[in-house]
Structure formats: C-alpha cells, structure tokens
Amino acid sequence: MKSLFSPAKAARAQELLRSKLVVEGSPSPTVVVGLDAAYKKLGNAEIGIGVAVALEWGSWKLLGCKVAITEVCVPYIPGLLAFREMLVMAPALSSLIRTVGSVDLVVVDGHGLAHPRRLGIASHVGVAFDLPSIGVAKKKLVGEEVEEGGEVFIVHKGVKVGVVVRARSGKKLYVSPGHKVGLMEAAHLVREMLLDGLPKPTLEADRVSKAVRALLGSLKTGGLPLRVKECPTLLGRLTG
DNA sequence: GCGACAG
DNA sequence: ATCTTGTCGC
C-alpha cells in the first residue's frame, strides 16, 4: 500500500503557506482561544482528541468549548506537527468559531515562526483560519538562545524568531509569532496570560483534552469496542 | 557519521 | 504526545 502521508509534499505546502504569513501586529483580544490535542491508542487505531476553548480576556471566563475526535493516521515528524494535529484541531476550532461568533487570538501548543521553514503549527493555524495566533512551546525546535537587552531571543539562521519567556517557577516557554502578531507583542501577550506556568487558554484546553482522554479509556474498560471505521469523525460538544 | 529533534 | 517504575521532597 502506498504511504498515507508524504513528508516531502507537506514541507512544500509549508513553503507555500509561508508566503501568506504576516509577522507583525498587536491585537488587543477580547476573545482568546486555546488549542490542544491529546491521543489515545484503542486497539490498532490511534485516536486524536482536538480541543478548542474560548475564554474572555482578563476574567478568563469560559465562553465555549469544542471537542473533535477522530482516528489519526499521520505520524509525528519534527517540523511537520501541524499535519498531524490539524486533523483534530481544525474541526474543533471551526466549530467553536461558529458558536462564539468571533475570535481575536488563538494560542497554540508548539512553535510558530521558530520553525525550520518559519511555519510551525501556530502559524499554520493562523494562516488557515486568517486569525492572529501565537505559538507557545515547552521545548525548543530550532535556533539558539541569545540574550540582548534583558530579553532572551530564539535566533535561527541569524534571525530573531522567538522569545524565551520565564514562568514564575523559572520554567522556560518558547514563544513565537503565529500569524498577524509581532515578536515582542506575542511575548507581551503571553506574559499577560501566564498562570500556573502556562497561558490560561493552554491550561484550560489541556485540562479538557486530558479529561476526554480519560473518558475514552473508561469506555474501553466498560467493554464497548469503539468501532472507529464506522464513525471516522465524531464532533462532540461537551461544554460550549 | 553524529547530534538534534514542537507534540 | 503516551507509557510507565521508582524516587525525592513538601
């Protein structure tokens, strides 16, 4: 059987999307969305859980939440993360946008500009939905950390592509522009969203994805053989 | 050839 | 990311 995924073509697609990327802007969000994905192996199949939560800036009040569940047959390859996670993130995000009406900013797990081809998952999401977005990663993908004027930047091939933001615990967060946000603006916004070592939207999306994952586990324990083949895409709405 | 390698 | 045993410290 032919391969189900072409890394070479995916990388070419990133180069095409890259020409649409805007790396400047300073949004003043009212509605901010957190995106996250979790996975669970059920028999031979790998199930992906995509979560999108909408919060009100500042009060961090929950405005909506959408979950998309489907089998994911794309492997994780460094640099090509978006092609795996977009399968569940895109349905969850588009459904959430339809529900809450408008979204001002999307915070994504992973890098944006700080990527081998300058189009990490945060930028991919931003360009695909034409929304301002920011990438927040827990680990570095490319570049070196360079201090300058009391700020630590991620420098890749001589270009500043991200900022290292320190949580109060001392833990590093690698922040980079996704789309329609500048470098310093992205770092500033993330610092304002910081709570318990992570941006509030990320924290909430992560919480939900872990909870749904636990539910999938208990379904298996209950003896219900989940037939993925018969329901390739389940769009659940658990909160919103 | 060796090391690095988001989630 | 997920799986997973044991250890350390509040």
Interatomic distance where [atom1] belongs to [X] and [atom2] belongs to [N] [whole Å]:
X	N	atom1	atom2	value
A/E46	B/dG7	CD	P	16 Å
A/L87	C/dA1	CG	P	18 Å
A/L216	C/dT2	CG	P	12 Å
A/L81	C/dT2	CG	P	12 Å
A/I77	B/dC5	CD1	C1'	12 Å
A/D109	C/dT2	CG	P	11 Å
A/D36	C/dA1	CG	C1'	9 Å
A/K172	B/dA6	NZ	P	15 Å

| said: Under the rule for salt bridge (charged side-chain N to carboxylate O under 4.0 Å, His left out), what residues qualify as partners of A/K180, not counting sequence neighbours? | reply: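 With neighbours one apart ignored, the set is A/D130.
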| said: Please determine whether side-chain contact (heavy atoms from CB on, under 4.5 Å) holds for the pair A/V163 and A/L183, giving the CA-CA distance in whole Å, both sets of side-chain angles, and the decisive distance to 0.1 Å. | reply: CA-CA 7 Å; A/V163 176; A/L183 189 68; 3.9 Å; yes
Report, one line per pair, each donor and acceptor closer than 3.5 Å where one atom sits in a side chain of residues 155-162 of chain A; sequence neighbours left out.
residue: A/K160; atom: NZ; partner: A/E148; partner atom: OE2; Å: 3.1

| query | Within the side chain of A/T202, is there an N or O that forms a donor-acceptor pair under 3.5 Å with the backbone of A/L198? | reply | no
| With distance as the sole test, does A/S19 use its side chain to make a donor-acceptor pair with the main-chain N or O of A/L16 at under 3.5 Å? | yes
| request: Could you tell me whether A/I154 contacts a base, only the sugar-phosphate backbone, or nothing, with contacts defined as non-hydrogen atoms closer than 4.0 Å? | output: nothing
| request: Name the nucleic acid region contacted by A/I121, choosing base, sugar-phosphate or nothing; use a 4.0 angstrom heavy-atom cut-off, strictly under. | output: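 The residue A/I121 makes base contact.
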Neighbours of DNA chain B within [range], by heavy-atom distance under 4.0 Å:
range	value
residues 110-118 of chain A	A/G110, A/H111, A/H115
residues 122-148 of chain A	A/A137, A/K138, A/K139, A/K140, A/L141
residues 175-204 of chain A	none

| query | Between A/V152 and A/K172, is any pair of side-chain heavy atoms under 4.5 Å apart? | reply |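 A side-chain contact under 4.5 Å is absent here.
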| Within 45 degrees of the axis of the six-membered ring of A/Y39 and under 6.0 Å from its centre: does A/R84 put its NZ or CZ there? |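 Checked: cation-pi criterion met.
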| said: Are more than 12 heavy atoms, taken from residues, nucleotides or ligands other than A/E24, located less than 6.0 Å from that residue's CD atom? | reply: no
| message | One pair to check against salt bridge (charged side-chain N to carboxylate O under 4.0 Å, His left out): A/K40 and A/E46. What are the steps and the verdict? | response | CA-CA 6 Å; A/K40 179 89 186 162; A/E46 181 176 34; over 6 Å; no
| message | Can you identify which nucleotide, out of B/dG7, C/dT2, B/dA6, has its nearest atom closest to the A/R84 side chain? | response |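 Selected nucleotide (nearest to the side chain): B/dG7.
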Compare every heavy atom of [Y] with every heavy atom of [X], then report the nearest pair and how far apart it is.
X	Y	value
A/P201	A/V32	CG-CG2, 3.9 Å
A/L63	A/V100	O-CG1, 4.2 Å
A/L131	A/I97	CD1-CD1, 3.8 Å
A/A52	A/V33	CB-CG1, 4.3 Å
A/G178	A/S123	O-OG, 2.8 Å
A/V51	A/A205	CG1-O, 3.8 Å

| salt bridge (charged side-chain N to carboxylate O under 4.0 Å, His left out) assessment of A/E185 paired with A/R191 | CA-CA 10 Å; A/E185 289 87 347; A/R191 285 182 171 118; over 6 Å; no
| Taking only residues at least two apart or on different chains, which pairs with a member in residues 87-97 of chain A satisfy salt bridge (Lys or Arg N to Asp or Glu O under 4.0 Å)? | none
| message | Which residues end up grouped with A/V142 if you chain together Ile, Leu, Val, Met, Phe, Trp and Tyr wherever their side-chain heavy atoms are less than 4.5 Å apart? | response |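 When side chains under 4.5 Å apart are linked, the cluster holding A/V142 also contains A/L141.
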| Nucleotide-level pairing of DNA chain B, given in dot-bracket where Watson-Crick and G-U pairs need both distances under 3.5 Å and | marks other strands | .......
| Using a 3.5 Å cut-off on both pairing distances, which stems of three or more Watson-Crick or G-U pairs include DNA chain C? | none
Please produce a list of atom pairs where a protein N or O lies less than 3.5 Å from an N or O of nucleotides 8-10 of chain C.
none

Dump the pairs, protein N or O against N or O of nucleotides 3-5 of chain C, anything under 3.5 Å, distances to one decimal.
residue: C/dC3; atom: OP2; partner: A/R213; partner atom: NH2; Å: 2.2

| Taking it one step at a time, do A/L189 and A/W57 satisfy side-chain contact (heavy atoms from CB on, under 4.5 Å)? | CA-CA 10 Å; A/L189 287 165; A/W57 182 275; 3.8 Å; yes
| Below 4.0 angstrom, N of the basic side chain to O of the carboxylate: do A/R18 and A/E15 qualify? |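 Looking at A/E15 together with A/R18, the answer is no, because their closest N to O distance does not fall below 4.0 Å.
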Check: residues 106-116 of chain A side-chain donor-acceptor pairs under 3.5 Å, at least two apart:
residue: A/H111; atom: NE2; partner: A/K139; partner atom: O; Å: 3.2
residue: A/H115; atom: ND1; partner: A/R117; partner atom: N; Å: 2.9
residue: A/H115; atom: ND1; partner: A/R118; partner atom: N; Å: 3.4
residue: A/H115; atom: ND1; partner: A/L119; partner atom: N; Å: 3.3
residue: A/H115; atom: NE2; partner: A/G79; partner atom: O; Å: 2.7

